[in-house]
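Contents: one structure, followed by commentary.
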Amino acid sequence: MNTKQEPQSSHMPPRLTSPSWFAWLVIVVFAFLFFQGFSSAEISLERLVKGARNLSTFLGQAIPPDWSNMDVIANAMLETLYMAIVGVTVGIVLSVPFALLASRNTAPHPIVRTITRFMIATMRTIPDLIWALIFVVAVGLGPLAGILAIILDTIGFAARFFSERIEEVRPGPANALTASGAGRVSVIMGAILPETLASMSATSLYSVEKAIRSAVTLGLVGAGGIGVELSTAMRLFQFDKAFSIIIVVLLVVIGFEQLSSMIRKRVI
Amino acid sequence: MSSITIRNLNKYYGALHVLRSLDLSIASGEGVVLLGANGCGKSTLMKCLNGLETPQSGSIVIDQNDVTTAKGLRLRSIRRDIGVVFQQFNLVENLTVFQNVLYGAMGQRRGGLLTVWNSLAPKDTREKAMHCLSRVRMADKASSRCRDLSGGQQQRVAIARMLMQSPKIILADEPVASLDPKAGIEVMDLLWEVVREHNMTVFCTLHQLDLAQNYADRIVGMKAGQIVFDSSNSSADKESLAQLYQGDTRVDGASSHENEYAAPNNRPAEIA
């Protein structure tokens, strides 16, 4: 058998190999979409110049930023943080049962697993802004809509990663406790969850960062928080006021990311 | 009181016939070592004994209870009396040694995890766990994390966890195969001391002939899914034992050298 194969494998491989027909197809379709998209944006020198002029007008009016409304901005920022913290906490707590029902080694039945995975995928695929639009219709303007949107967005993200980690846990310890006559729930809580805690806290911290960023933008569609102030200021052409809001948002988000990476270093 | 009777046991994985009309009886208090090459079906037999795998036909009777037909609470009550020692120790590595030993009692009472979680466990349970740890000479490591222990130490903790369960029967599946020879002998000494103290029935698979002859009351040999050798330790001769590792030893018909690492009986069992 070996002697037959030897003449084939003794050739030196060519320097370049042609991509497969599938790769060619992907390249052609991508190139088509790119150039089509580029031209549909109607980019022209005239528009670029005009855009630059508008931008400088905006900056001219935005600087110096208007800090006179600091109390309103601070309150709105605080509301944003509350939305993020409440939403992400509830979301993470709910992610754990969702993840357990969605994992191969902990789901009570394959059908339950399929349904749960579908629900998680739906929550993840629909963007948070669209959830917010839906909840504004359902519960009206204000932070509650934002909180609900963040809860769903967090579950879509965190439950998926939790579930991936749960499926990676080696089955041995769980088997050992099962073999000693322990019940299924005890085995899952006692042997599987403890092995996932480090990874789960890292994922949760990312969720917090993500939630604060999305809580800022959710206000743009009326779901409470500082986004409401920002969109009002922009619409009334109060660019100096808008600029001060942007600075506050920037500082808070950076601050939180620092805090979160500090905690992550401690945990892992 | 705690005997095992296996009759005409057949187990298939798909088309693969792993256990082939296997018969075996183990008397109460007997120390039986099972020898056999890789892939001969030893681990599958062990998993059938405590219901982690379900055989297609035949019966396994432990103390008048048929394991093969037991389900749910009845199966759990049978498992409660069977302590298992694993090749890979199977401790929850993120938790402390003490917590892992407490876990041994998880199946013993209603309430499960709530009655054995370190912060919630009753005083007598905690004292018993500490006692089991001292028995395996690991009391000084009670607060260490399991991941920081050596293999031999982890297996001793696993034995303490098994003692916590107060079982009548011990199943040990290659308990020393992941350990170096010195640690292996320490673990075997400890395991047999503990077994004799409590007069438990023990069924242990091993790789090494000499270890088997040092500890067993009776040696049983397995080849290609069947028991082909069965004698008291004193009358077991080296020659017939060596036969266990020659010729068609595996259940999947592959040569034992080519498929050393692809034994079908090493697949992980589902959590029942």
Side-chain angles (χ1 to χ4, degrees), chain A residues 1-2 96-97 99-114 116 161-205 264 266-268, chain B residues 46-47 49-53 72-96 99-100 102-118 145-147 154 158 161-162 164-167 171 173 267-272:
Chain A
M1 206 168 97
N2 272 343
V96 176
L100 288 171
L101 292 176
S103 303
R104 203 177 308 114
N105 46 352
T106 53
H109 192 278
I111 292 175
V112 177
R113 174 172 182 244
T114 312
T116 319
F161 282 101
F162 287 3
S163 150
E164 278 174 6
R165 179 67 188 101
I166 289 170
E167 290 189 345
E168 282 169 10
V169 172
R170 57 195 185 104
N175 276 346
L177 297 187
T178 304
S180 77
R184 204 182 149 81
V185 175
S186 290
V187 170
I188 290 172
M189 298 296 166
I192 295 181
L193 281 189
E195 302 278 58
T196 62
L197 280 184
S199 154
M200 280 194 184
S201 6
T203 306
S204 304
L205 281 169
R264 191 171 306 124
R266 293 253 169 137
V267 172
I268 303 168
Chain B
M46 288 307 223
K47 281 177 189 155
L49 281 173
N50 58 7
L52 284 178
E53 293 280 357
L73 286 176
R74 245 177 62 77
L75 180 59
R76 282 176 54 190
S77 83
I78 297 174
R79 283 176 176 165
R80 233 168 266 162
D81 289 336
I82 307 176
V84 187
V85 182
F86 298 85
Q87 177 179 349
Q88 295 299 334
F89 329 129
N90 288 350
L91 301 170
V92 183
E93 294 191 347
N94 247 352
L95 300 176
T96 61
Q99 182 62 66
N100 268 283
L102 280 169
Y103 274 179
M106 198 189 261
Q108 303 294 314
R109 269 161 295 182
R110 293 174 60 81
L113 182 62
L114 293 179
T115 59
V116 294
W117 190 252
N118 184 17
R145 281 211 192 184
C146 287
R147 64 168 79 249
Q154 288 198 36
R161 177 177 67 182
M162 178 271 282
M164 187 69 192
Q165 198 185 329
S166 313
L171 303 178
D173 191 2
R267 71 182 62 188
E270 295 283 314
I271 306 165

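Throughout, protein chains are lettered first and strands after them, A, B, ... in sequence-line order, and every chain is numbered starting at 1.
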Find the one option among [options] whose heavy-atom pairs under 4.5 Å with chain A are most numerous.
options	value
B:Asn90, B:Asp81, B:Leu114	B:Asn90
B:Arg80, B:Gln88, B:Gln99	B:Arg80
B:Leu171, B:Ile78, B:Leu95	B:Leu95

Working for side-chain contact (heavy atoms from CB on, under 4.5 Å), residues B:Asp173 and B:Lys47: CA-CA 9 Å; B:Asp173 191 2; B:Lys47 281 177 189 155; 5.8 Å; no
Determine the minimum heavy-atom distance between B:Glu93 and B:Gln154, stating which atoms define it. OE2-OE1, 4.0 Å
Please determine whether side-chain contact (heavy atoms from CB on, under 4.5 Å) holds for the pair A:Glu168 and A:Thr196, giving the CA-CA distance in whole Å, both sets of side-chain angles, and the decisive distance to 0.1 Å. CA-CA 9 Å; A:Glu168 282 169 10; A:Thr196 62; over 6 Å; no
Relative to chain A, which segment of B:Phe86 carries a heavy atom at a distance below 4.5 Å: side chain, backbone, both, or neither? side chain
Please determine whether side-chain contact (heavy atoms from CB on, under 4.5 Å) holds for the pair B:Val84 and A:Asn175, giving the CA-CA distance in whole Å, both sets of side-chain angles, and the decisive distance to 0.1 Å. CA-CA 10 Å; B:Val84 187; A:Asn175 276 346; over 6 Å; no
